[in-house]
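Contents: one structure, followed by commentary.
Quick note: numbers below take in every heavy atom, side chains included, and nothing from hydrogens, waters or symmetry partners.
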Amino acid sequence: MKRILLILTLAMLVPSCKQLNPFLGDWNTPYGIPDFESIKESDYIPAVKFGIRQQEGQIDAIIANGNAPDFENTVAAYELSGEILDRVTGVLFNLSESDATPSMQKIVEKVIPMLTEHNDNVFMNPYFFARVDELYQDRENQNLTREQVMTLEKLHRAFIDNGVNLAPQSQERLRAINKELAVLEQRFGNNVLDRTNAFRMVLADTSEIAGLPSSVLASAAAEAAHAGITARDAAKMKGIREQDVAEGGPWLFTLHNASYVPFMTNSSRRDLREKMFTAYSTRCNTGGDTDNKPVVLDIIRLRIEKANLLGYDTPAAQILSDKMAHDPQTVDSFLGKIFPAAVRQARVEIEDMQAVMDKDVEAGLLPADSTSVIMPWDWAYYAEKVRQEKYALNEDLVRPYFRMENVREGVFNTAHRLYGLNFRQLDSIPVYHPDVEGFEVTDSDGSLIGILLTDYYTRGTKRGGAWMNNVRNQYKTKKGEDIRPIIVNVANFPKPSAGMPSLLSIDEVGTMFHEFGHALHGLLSQCTYKDVSGTGVARDFVELPSQINENWAFLPEVLKTYAHHYSTGEEIPDSLITKISVSKNFNQGFMTTELVAAAILDMKWHELGSIYVSRDCPYASETDAPADSTGRNEGLKVIDPDKFESFVMAQAGLPEQIIPRYRTTYFNHVFSGGYSAGYYGYLWAEVLDKDAFELFRKKGEFDSATARSFRENILEKGGSEEPMVLYRRFRGADPDPDALLRARGLR
């Protein structure tokens, strides 16, 4: 009765609340795009609270339904619940990653425990579970569609994974763990963003900018101006006279990839490369409030305890139980087959780079002593020199042909040729930042596919990397109305500067095509239920649409459609296209090795059964394990994260010239981003991607029947069927596991 009164009270309040809180009503905007311009930071927490109460009432209504449970009155009703909560979190969590101001971070820190508690309340509710379980046990007799079966199984699994069958005392402990983990994971990500933003290297003298091309210097000068660093400021920092600041300076370099990568690739100042590399590779690992080592240990300790409560030996065993790989042993075996081939090729690359470094020693550019050997901070610089020697391919020659807007047009044109999609820029829509641009996406028959927002430029409030988010998922209402998705592609490309547009590197071009592949997965979804639509698939399958889309980026006929010189309009010459093509497998030993190393590191952290080890363990710290009531920790030590990482990498055979793509203390994917015991998924999906693209090559890269099959069997289906079933329908066979090695030139 109290609950009914509460629902009635909420219903009475909504009209007046709508005027104050934009999340509580439909947005009167084009396509229902969030009304970013009217949303205030003070709106988020009240909207989350209201949304939680709304969904609680909707679930209570499902439980109170006097009819026997069936799919419509139980599962479908749940799928349509939580409209307001979906609306506010779709906006909040996009901004928490792409515009994470200090005030926004504080809001998220308050909201996460609330959402965690709500999630536990839903999936530990025995009365709700009783209805779902009754359906699940009788699912073969319910005359359900395949999508309904998958949706039911996913919902049932959510209850099991959230401890619905645990004893009350264990449930309470699991609730506490979930809440603490949510806070710790958010803290981990905030710390990485803080440390990434904290480092600034200001250059003012011509000797400091040796080797840096004009386009890189222009971006660095713009960064300095944006940060308010004047020639006078730089002179004070350097202890020189203001008039001695070099023309065009000062220049600011940061740890954001758009700044870090070009510097490490081009700077001939080895001492400054080492400085940048050290700052980058030791983020959140040098003590203080933002040191993530204790955060990692707390996260792993709690994940182990959670896995044990749910009946698993390790977090990896728990996490992988519903993935394609299914268990840690399969993942370890998979990575173990790739790593030796990658390392072999990487050692060949090291020899090639050392030969170039030796020439620098002979020329007097480096000292002729034991220090003149390739180190991690030398890799990008000397790899670029080797590439220029072998292929005469220089990034500075290529960048002028990769203006951001032109590359994006190439991405759109490729999707048009493959899937018949059309894109129209939207000029008068609300956006959450001036950098954001919007596009209406329609099908060949003119029907709406969805809305794409692009947010491509780096800024201090944006976390590193690139990603795709759903602001609104695709689904169908009870009346059958197809709600089309709103998708965001986010990246960290260099900003335009005075007189210079945003010019992308070869890698950044691949990144744009990659993230748009995720966008296609979300945009083209043709499902009924939110939980299985779009990218709602197994983590080790979700990278297939993104990675296969990269294969079209550098095809000669595609390059000619978008790679035009930013100032002259000249089409990219055939000579450059050839150089890009023949060098496509260049440095693959390094890139594969660093990627596999990170995946191994992720797995070994999550294959731990305890963070406490014996005193003589090679990765034991000096810290004693805290005593507990059972005495089990007596005489044990806590793991030292640095020693653990070094031990794991040494056991794997990682060359000393390479570090994992992400080291432990800034490995956002696995300690903050949902890829725990799942980073291997990039490689797992690449096997599918390369095998699938071999079919396109055989039939024709733009063969309409093959593209239609990929769209209908993969992109439109989301998680409405088992991943391997979908793949076999498209490919007609199981994937060839050697496809990845062939594509990377490792076999």
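Between Thr535 and Asn470 the shortest side-chain heavy-atom distance falls below 4.5 Å. Within the 4.5 Å cutoff, the side chain of Ile449 has no heavy atoms near those of the Thr442 side chain. A 4.5 Å side-chain heavy-atom check between Val183 and Pro113 finds at least one atom pair inside the cut-off. Contact annotation: the side chain of Phe412 never approaches that of Val441 to less than 4.5 Å [non-hydrogen atoms, C-beta and beyond]. In this structure the side chain of Gln148 never reaches within 4.5 angstrom of the side chain of Thr528, judged on heavy atoms. When side chains are defined from C-beta on, Arg139 counts as touching Glu153, because their heavy atoms get closer than 4.5 Å. Side-chain contact check for Arg131 versus Asn65: some heavy-atom pair is nearer than 4.5 Å. Side-chain contact between His606 and Ile300 is present, with at least one heavy-atom pair separated by less than 4.5 Å.
Between the side chains of Asn94 and Asn469, at least one donor N or O lies within less than 3.5 Å of an accepting N or O. Donor-acceptor pairing under 3.5 Å is lacking for the side chains of His514 and Asn549. Between the side chains of Lys306 and Asn178, at least one donor-acceptor pair of N or O atoms lies under 3.5 Å. Thr116 and Asn119 form no side-chain donor-acceptor contact under 3.5 Å, judged by distance and modelled atom types alone. For the residue pair Asn121/Arg175, the side-chain donor-acceptor check at 3.5 Å is satisfied. Using a 3.5 Å distance cut-off with no hydrogens or angles, the side chains of Ser525 and Gln474 do pair a donor with an acceptor. Inspection of the Tyr432 and Asp99 side chains reveals no N or O donor paired with an N or O acceptor under 3.5 Å. No side-chain N or O of Asn308 forms a donor-acceptor pair with one of Asp313 less than 3.5 Å apart. If you check the side chains of Arg146 and Thr151, you find no donor sitting under 3.5 Å from an acceptor. With hydrogens and angles left out, the side-chain atoms of Ser546 and Glu543 include a donor and acceptor closer than 3.5 Å. For the residue pair Gln55 / Ser81, a side-chain donor-acceptor distance below 3.5 Å is found, with atom types taken as modelled.
Comment: Asp703 does not engage Arg708 in a salt bridge, judged by the lack of any side-chain N to carboxylate O separation of less than 4.0 angstrom. Using a cutoff of 4.0 Å between basic side-chain nitrogens and carboxylate oxygens, Arg173 and Glu305 are scored as salt-bridged. The existence of a salt bridge linking Arg303 and Glu185 is confirmed by a sub-4.0 Å separation between a basic side-chain nitrogen and an acidic carboxylate oxygen.
Using a distance-only test at 3.5 Å, with no hydrogens or angles considered, no donor-acceptor pair links the side chain of Asp161 to the main chain of Ala158. In this structure, the side chain of Asp689 does not engage the main chain of Ala685 through any donor-acceptor pair within 3.5 Å. Checking side-chain atoms of Thr74 against main-chain N and O of Phe71 turns up no donor-acceptor pair under 3.5 Å. With Arg729 contributing its side chain and Phe710 its backbone, the two residues share no donor-acceptor pair below 3.5 Å. Of the possible polar contacts, one joining the Gln58 side chain to the Gly82 backbone as a donor-acceptor pair under 3.5 Å is found. Looking only at distances, no side-chain donor or acceptor of Ser447 sits under 3.5 Å from a matching main-chain atom of Asp443. Of the possible polar contacts, one joining the Asp602 side chain to the Ala677 backbone as a donor-acceptor pair under 3.5 Å is found. Side-chain N or O atoms of Asn489 include none that pairs as donor or acceptor with a backbone N or O of Met468 at under 3.5 Å. Looking at Thr89, its side chain does come within 3.5 Å of a backbone N or O of Leu85 through a donor-acceptor pair. Listed for the Ser533 side chain is a donor-acceptor partner under 3.5 Å among the backbone atoms of Lys530.
Partner Phe439 forms a side chain to side chain contact (heavy atoms under 4.5 Å, CB included) with one of Ile487, Leu426, Ile429, Thr454 and no other, that one being Thr454. Of the residues Asp43, Asp35, Asp26, the one that meets the salt bridge (Lys or Arg N to Asp or Glu O under 4.0 Å) test with Arg87 is Asp26. The ring pair (Phe, Tyr, Trp, His ring centres under 6.0 Å) test with His669 is passed by exactly one of Tyr679, Trp467, Phe188: Tyr679.
Atom OG of Ser170 and atom CG of Asn165 lie 11.5 Å apart (nearest 0.5 Å). To the nearest 0.5 Å, the span separating OH on Tyr529 from OG on Ser720 amounts to 11.0 Å. Expressed to the nearest 0.5 Å, how far CD1 of Ile33 lies from CD of Glu440 amounts to 9.5 Å. Put simply, CD1 on Ile84 and CG on Asn21 are 8.5 Å apart, with the number rounded to the nearest 0.5 Å. In this structure, CG on Asp736 lies 10.5 Å from CG on Leu740, to the nearest 0.5 angstrom. In this structure, OG in Ser672 is found 12.0 Å from CZ in Arg187, a value given to the nearest 0.5 Å.
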Kindly indicate, with the supporting measurements, whether the criterion ring pair (Phe, Tyr, Trp, His ring centres under 6.0 Å) is fulfilled by Tyr78 and Phe128.
CA-CA 10 Å; Tyr78 170 73; Phe128 186 20; 5.6 Å; yes

Hey, mind stepping through Ile59 and Tyr127 against side chain to side chain contact (heavy atoms under 4.5 Å, CB included) and telling me if it holds?
CA-CA 10 Å; Ile59 289 172; Tyr127 306 106; over 6 Å; no

Go through it in stages, so that I can follow the logic: the residues are Phe23 and Val91, the test is side chain to side chain contact (heavy atoms under 4.5 Å, CB included), and I'd like the CA-CA distance, side-chain angles, deciding distance and then a yes or no.
CA-CA 10 Å; Phe23 288 112; Val91 173; 4.0 Å; yes

Given the rule in the side chain to side chain contact (heavy atoms under 4.5 Å, CB included) test, do Gln142 and Asp138 qualify, once you have shown the distances and angles that lead to the verdict?
CA-CA 7 Å; Gln142 292 289 322; Asp138 193 44; 2.8 Å; yes

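Nearest approach of Val164 to Gln171, heavy atoms of both residues: O-NE2, 3.1 Å. Residues Leu80 and Lys476 approach most closely at CD2-O, 3.7 Å, considering heavy atoms. Across all their heavy atoms, Val537 and Gly719 have their closest contact at CG1-N, 3.5 Å. The minimum heavy-atom distance linking Pro34 with Pro430 is given by the pair O-CG, 3.3 Å. Scanning both residues, Lys690 and Asn551, for their nearest heavy atoms gives NZ-OD1, 3.2 Å. Annotation for Ile486 and Tyr31: closest pair CD1-O, 4.2 Å, computed over non-hydrogen atoms.
Taking the centre and axis of the six-membered ring of Tyr675, the NZ or CZ atom of Arg539 falls inside the cone set by 45° and 6.0 Å. For the pair Arg731 and Tyr727, the cation does not sit on the ring face, since its NZ or CZ is not both under 6.0 Å from the ring centre and inside 45° of the axis. With a 6.0 Å cutoff to the six-membered ring centre and a 45° limit on the axis angle, Arg417 does not count as a cation-pi contact of Trp552.
The aromatic rings of His156 and Tyr136 lie parallel to each other, their planes meeting at an angle below 30°, with 60° marking the opposite boundary. Trp605 and Phe671 have perpendicular rings, their planes meeting at more than 60° on a 0 to 90° scale where under 30° would count as parallel.
Within a 6.0 Å radius of CD in Glu140, other residues, nucleotides and ligands contribute 12 heavy atoms or fewer. Atom NZ of Lys49 has 12 or fewer heavy atoms from other residues, nucleotides or ligands within 6.0 Å.
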